[in-house]
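Structure record follows, encoded as structure tokens.
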Amino acid sequence: MKLYGYCVVLAGLLTVSCQKQAGTTAAETSSADRGGTAAAGAIEVPAHTQFYVRFDKTLDSAKVKQGDLVTGELDQAIVAGGRDVLPKGTKLGVRITNAQLARAPGSVGLLTFNIETVRHGGAEYQVKVLPVTVETSPVKEGVDPNAQIPHTALKEKQGRANAVLRPDQALLFESSDAFSVKP
């Protein structure tokens, strides 16, 4: 499966680098232009709109598990129709769809995120986005999960077993389908 918003957290640096350029605003598109069926008074956010999301706490593949729902927020406003449709700080419901520790040499620790909902103006909207994965570099030596506390980093020569995303790191997401919100 091809992941367009694929991000990698490098082991020692914990720097997020994205394979796709960021676009923080949506093209001005109305549902009439796209043949959509947006509700009266609603503004459509087009498919392939890119936006950054931050989390208020550190997320660690040793502590969260697949299926957990966490809250993220927009790092910048999403603009469509010439105005801010979703302001900076808009809350998002984000599902952890995969969380694993590296165990064998060559394996990686990872966290995969998928946004499910946007909360805006007292309403909750379902959205579809491309999932984003944060991963470690491959470990060089095997990891004995009983020999250490899982969320403790391994020695540098071994690599890091758990994927970690800190609050100061934003992830780049891209909507896979258009969605409408009321301003």
Determine the minimum heavy-atom distance between [X] and [Y], stating which atoms define it.
X      : Y      : result
Pro87  : Val85  : CD-O, 4.0 Å
Lys182 : His120 : O-CD2, 3.4 Å
Gly106 : Pro138 : O-CB, 3.5 Å
Ala99  : Leu111 : CB-CD2, 3.7 Å
Arg54  : Gln169 : NH1-N, 3.4 Å

Find the distance between [atom1] ([X]) and [atom2] ([Y]) and round it off to the nearest 0.5 Å.
X      : Y      : atom1 : atom2 : result
Gln100 : Asn162 : CD    : CG    : 12.0 Å
Asp75  : Phe55  : CG    : CZ    : 11.0 Å
Thr71  : Leu92  : OG1   : CG    : 8.5 Å
Arg119 : Leu86  : CZ    : CG    : 12.5 Å
Lys128 : Gln126 : NZ    : CD    : 9.5 Å
Thr49  : Asp177 : OG1   : CG    : 11.0 Å

Would you indicate whether the side-chain heavy atoms of [Y] and [X] approach each other to under 4.5 Å?
X      : Y      : result
Leu59  : Val164 : no
Val181 : Glu44  : no
Leu110 : Val134 : no
Gln76  : Leu74  : no
Thr117 : Val127 : no
Glu135 : Ser61  : no
Val45  : Ser180 : no

Step-by-step side chain to side chain contact (heavy atoms under 4.5 Å, CB included) determination, Val70 to Ile96: CA-CA 8 Å; Val70 296; Ile96 305 293; 4.3 Å; yes

Check: Pro46 main-chain N/O paired with Ser175 side-chain donor or acceptor under 3.5 Å: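 It does hold such a pair.
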
Parallel, tilted or perpendicular, as decided by the 30° and 60° cut-offs, for the rings of Phe173 and Phe51: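 The arrangement is parallel - the two ring planes meet at less than 30°.
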
Intermediate values then yes/no, side chain to side chain contact (heavy atoms under 4.5 Å, CB included), Phe113 and Val129: CA-CA 10 Å; Phe113 302 88; Val129 300; over 6 Å; no

Any donor-acceptor N or O pair under 3.5 Å, side chains Thr133, Thr112: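 Thr133 vs Thr112: donor-acceptor pair found between side chains.
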
